Amino acid sequence: MNRITNWVLSSVLAVGLMGCGGGGEDRGAEGTGDPAPAKVIGYSKMNSNNPFFEVIAENIQAAAKEHNYQVRVVSAEADVAKQMDQIRDFVVSKVDAIVLNPADSEAIGAAIEEANAAGIPVFTCDLECTADGVKIAGHIATDNFQGGRLAGEAMIEALGEGGGEIAILTHDPAASCVKRVAGFDEVINAHNEGRASGKITVVKRLPCDGQRDPGFKATQDIITAHPNLAGLFAINDPGALGALAALEKAGKSDQVKIIGFDGQPDGKQAIKEGKIYADPIQFPDRMGQEIVHMIAQYFAGESFEPVRLIPAELYRQADGQADPSLQ
Amino acid sequence: MARLAPARYKQLALDYGMIFVLVALGAGFSMATIRVGYPEDGGAARALARQIVADFGSGVPVLLATRDSAEGAGFASAFRERLEAEGGVVLGETQGTPADARRSLEALVHGQTLPQVIAGPQAAGSDVFLSANLAKIHPALAEVPFVHPPGETWPVFLTQGNLLNVATQIVVIALIAIGMTMVIITAGIDLSVGSLIALSACTAAALIHWAAGEGAPADVGLGVVVGACGAAILLCGGIGLFSGVMLTVFQIPAFIVTLAIMLIARGLAYKATGGQALGSLPDSFSWLGHQDVGGIPLSVLLMVLFYAGAYVLMNYSRLGRYIYAVGGNLEAARLSGVPVNRVLVAVYTICGLLAGLGGIVMASELKSGDPKTGQLYELYVIAAVVVGGTSLAGGQGRILGTLIGAFIIGVVRNGMNLTNVKPFNQYIVFGGIILLAVLLEKMKERFVKA
């Protein structure tokens with residue numbers, strides 16, 4: 001008797017599960033005219049809590065429709081072991097191409113090697129894989145060094161001839177953020193060269209983990225130590241918004257000019273309201289679209305540049321006021 | 001005896017009832033993943049070669065296209081052998097990307113030997129072989145077809161590759177769940193195992209880098225690798241022992257002790273590698289996670305071995321009986337002479353050792369020690385134990401039930417990836433299944449007892 005109960009209950013469970021599965025995908029039986037079934041792209045995104053990657057996912061799906069590709073999206077939640085499992089699942093279900101934002105630039109190498117061994121091309125996007133001996137068919141990211149230079153130019157513009165003391169909120173575990181700071185430093189150093197007055201001096205560099213709360217605390221420490229701070233560059237929007245909150249709390253938001261990075265909706269809103277001076281903005285929508293076009297070029301056997309960097313663009317208050325996506 | 005049999009079945013169903021849930025999940029995912037798959041094995045290659053000669057005649061010139069993989073190479077050699085035996089001619093062979101295939105075609109056009117057929121596994125098919133694109137390479141190619149073995153309808157979930165995949169994916173959780181089952185049977189809990197995974201992985205990687213000194217870490221000998229892994233596992237065992245001592249001698253609740261250890265171990269893991277993942281490890285380090293014996297991955301064999309050992313320990317050894325006794329009624333166990341404190345210290349030490357081993361398996365799979373790994377694993381492990389029928393109140397539980405629980409978790413995770421469940425929904429489905437599985441267990445218990 002209890003076995004019957006078991007079967008009934010577990011069937012209910014299984015049916016409920018398949019309802020959630022949505023069955024959205026069907027590899028397609030062999031059509032009469034077209035010998036090739038739709039190609040399947042597996043995308044393992046970085047995490048679910050940063051809208052940046054959701055924008056990439058949406059644009060991959062939209063662009064894939066044009067090429068008649070099917071897309072499967074999973075999220076690694078920044079856990080490289082989970083991402084490895086997802087890549088293995090893609091490999092056994094024989095997807096035609098894999099796109100990922102590596103959860104860890106080094107440790108994801110072993111998983112990519114397995115996809116390489118199965119002959120499945122791997123494309124990376126936003127973040128790169130630095131492990132030895134892996135084959136990456138293509139990579140698309142923001143030109144972070146150029147974006148960092150834009151941030152430096154914006155800082156010079158914001159401070160004017162007076163110059164002053166500035167701080168940088170860093171996030172060194174991400175190679176992309178290191179490049180942003182390098183570009184920023186280059187422009188600021190060039191600006192200071194041979195200048196007797198109005199120099200811009202970096203008085204403090206603190207990590208902000210690319211997140212609001214650590215950015216908030218780091219900024220509190222910075223303004224306590226350097227009350228004359230005139231400017232602050234944060235390597236992404238969450239860091240910049242954390243800094244903004246700390247400056248507002250200390251009543252110094254007018255004194256300190258903030259430069260962020262990314263162009264996320266919250267960041268753009270703050271720029272429009274004049275609370276952040278400017279952002280070099282990234283284009284996750286274009287990243288998603290262009291990675292699909294790159295995959296199409298790959299399948300067509302065309303030659304293409306395997307590393308494509310999308311230039312960042314500076315976004316100031318005037319851009320915010322003209323931006324229809326903001327209220 | 002005949003009257004005893006139903007009771008025995010009842011007991012079996014009570015102990016391992018979850019296996020029905022596992023089977024039902026497997027059946028559900030099999031149905032949900034029925035798709036047309038395209039074979040890439042030698043048999044399919046030979047059948048294709050025969051078919052081509054039958055359709056296009058003897059002496060047919062063929063371009064053979066496969067992907068750069070072991071399967072592709074096997075397909076190519078089987079195809080070539082059969083085609084030549086049947087009187088066909090392999091004009092050219094391309095193993096690699098669509099761009100390689102295009103170059104091969106261009107080379108054939110240049111040499112003025114045009115293929116009449118392009119053949120290969122379906123996976124090697126690409127837009128290069130569309131007739132419009134072929135016509136651009138040479139007008140005469142427009143009519144050349146790409147032929148591949150016909151598709152077969154089969155549930156992806158049930159392929160051998162995928163089932164091994166599920167088994168590989170649960171190894172870390174399942175190994176640690178052995179220790180966690182013992183801990184939970186004593187009515188305890190160990191929240192530190194997720195961090196110990198990271199600590200073990202990072203310690204082993206850091207020790208190998210340290211032993212390499214000025215040389216390349218990838219070149220250290222097998223002895224260093226084994227020593228580093230052993231030291232990392234022992235370190236985690238030592239931390240487990242420390243937890244056990246804290247909660248027996250100082251009477252601090254296990255929840256609090258292991259919560260503190262969870263934070264400390266995570267911090268130590270970050271310190272061991274300086275916050276970054278440490279890679280460039282020797283090939284011998286990745287054997288455990290990447291080698292197989294007769295098609296079964298080494299890590300899966302290790303898991304089976306440990307479960308066999310744990311089964312014997314829990315059912316036929318004195319320690320096993322003591323563990324149940326301590327969890328059933330601590331005071332009664334103490335009064336009947338069970339060395340309660342030593343039993344508790346032993347189970348936390350075992351749990352720590354197994355977490356260390358799990359960390360080594362994970363690091364071996366990833367070929368690196370990453371301090372960020374293993375987050376939330378304590379919850380997956382506890383879920384596997386509880387879904388497997390072990391009571392959080394202590395005293396009750398079966399080690400093989402835990403293995404089934406781990407498989408349920410692995411099957412759900414894998415199945416959701418195969419069936420395209422959206423990332424947000426994966427959390428909801430996952431939580432729902434844990435709840436339903438435990439609910440089912442409760443209802444069955446009530447039913448059997450009634």
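Note that the coordinates shown come from a computational prediction; the quantities given were computed from them, not determined experimentally. Convention: sequence-line order gives letters A, B, ...; per-chain numbering from 1.
- Residue-environment remark: CG (Asp285(A)) exceeds the threshold of 12 foreign heavy atoms within 6.0 Å.
- Note: Ala81(A) leads Ala296(A), Ala81(A), Ala78(A) in heavy-atom pairs under 4.5 Å with chain B.
- Looking only at heavy-atom pairs under 4.5 Å with chain A, the residue among Glu40(B), Arg103(B), Met362(B), Glu365(B) that has the most is Glu365(B).
- Of the residues considered (Ser75(A), Ala57(A), Ala137(A), Ala117(A)), Ala117(A) shows the highest number of contacts with chain B, using heavy-atom pairs under 4.5 Å.
- Contact check for Arg67(B) versus Ile120(A): side-chain heavy atoms found under the 4.5 Å cut-off.
- Only the backbone of Ala118(A) comes within less than 4.5 Å of a heavy atom of chain B; no side-chain atom from C-beta onward does.
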ask   = Going through the distances and angles, do Gln375(B) and Asp79(A) end up as a side-chain contact (heavy atoms from CB on, under 4.5 Å)?
value = CA-CA 8 Å; Gln375(B) 311 220 28; Asp79(A) 178 349; 5.6 Å; no
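- Among Asn165(B), Val156(B), Asn162(B), the residue with the largest count of heavy-atom pairs under 4.5 Å with chain A is Asn165(B).
- Across all non-hydrogen atoms, the minimal contact from Asp172(A) to Gln276(B) is O-NE2, 4.3 Å.
- For a residue to count as touching a neighbouring chain, one of its non-hydrogen atoms must lie under 4.5 Å from one of that chain's; by this rule Asp68(B) touches chain A with backbone and side chain alike.
- In this structure, CZ on Arg35(B) lies 12.5 Å from NZ on Lys94(A), to the nearest 0.5 angstrom.
- Using a 4.5 Å cut-off between heavy atoms, Ser368(B) contacts chain A through its side chain alone, with no backbone atom that close.
- Gln169(B) and Asp89(A) share a side-chain donor-acceptor pair at under 3.5 Å.
- Neither the backbone nor the side chain of Gln95(B) comes within contact range of chain A; no heavy atom of the residue lies under 4.5 Å from a heavy atom of that chain.
- Residue contact with chain B, scored on non-hydrogen atoms closer than 4.5 Å, is absent for Ile108(A).
- Of the atoms belonging to Ala300(A), heavy atoms from both backbone and side chain fall under 4.5 Å from chain B.
- The two residues Ser48(A) and Phe424(B) have their closest heavy-atom pair at CB-CE2, 3.4 Å.
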key: Stepwise side-chain contact (heavy atoms from CB on, under 4.5 Å) check, Thr168(B) with Arg88(A)   = CA-CA 10 Å; Thr168(B) 317; Arg88(A) 284 176 164 171; 3.5 Å; yes
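- The part of Asp370(B) that comes within reach of chain A is its side chain, from C-beta onward, which places non-hydrogen atoms under 4.5 angstrom from that chain.
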key: Verdict with supporting geometry, Val73(A) and Lys422(B), side-chain contact (heavy atoms from CB on, under 4.5 Å)   = CA-CA 7 Å; Val73(A) 183; Lys422(B) 300 232 156 46; over 6 Å; no
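- Heavy atoms of Ala70(B) lying under 4.5 Å from chain A belong exclusively to its backbone.
- Heavy atoms of Val128(B) lying under 4.5 Å from chain A belong to its backbone as well as its side chain.
- In this structure, Leu130(B) CG and Phe299(A) CZ are separated by 12.0 Å, a value rounded to the nearest 0.5 Å.
- Within the 4.5 angstrom heavy-atom criterion, only backbone atoms of Ala103(A) (N, CA, C, O) approach chain B.
- We find that Lys367(B) and Glu113(A) are joined by a salt bridge, their nearest charged nitrogen and carboxylate oxygen being less than 4.0 Å apart.
- For the pair Lys82(A) and Tyr377(B), the cation does not sit on the ring face, since its NZ or CZ is not both under 6.0 Å from the ring centre and inside 45° of the axis.
- With hydrogens and angles disregarded, a donor-acceptor distance shorter than 3.5 Å links the side chain of Arg102(B) to the backbone of Gly301(A).
- Atom CG of Asn414(B) sits about 11.0 Å away from atom CD of Gln86(A), to the nearest 0.5 Å.
- Heavy-atom distances place no part of Phe157(B) under 4.5 Å from chain A, backbone and side chain included.
- In this structure, NZ in Lys39(A) is found 6.5 Å from CG in Asp127(B), a value given to the nearest 0.5 Å.
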Audit row: Leu366(B), Met84(A), side-chain contact (heavy atoms from CB on, under 4.5 Å) steps and yes/no = CA-CA 8 Å; Leu366(B) 295 170; Met84(A) 181 173 206; 3.5 Å; yes
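- The nearest pair of heavy atoms linking Val74(A) to Gln426(B) is CG1-NE2, 4.2 Å.
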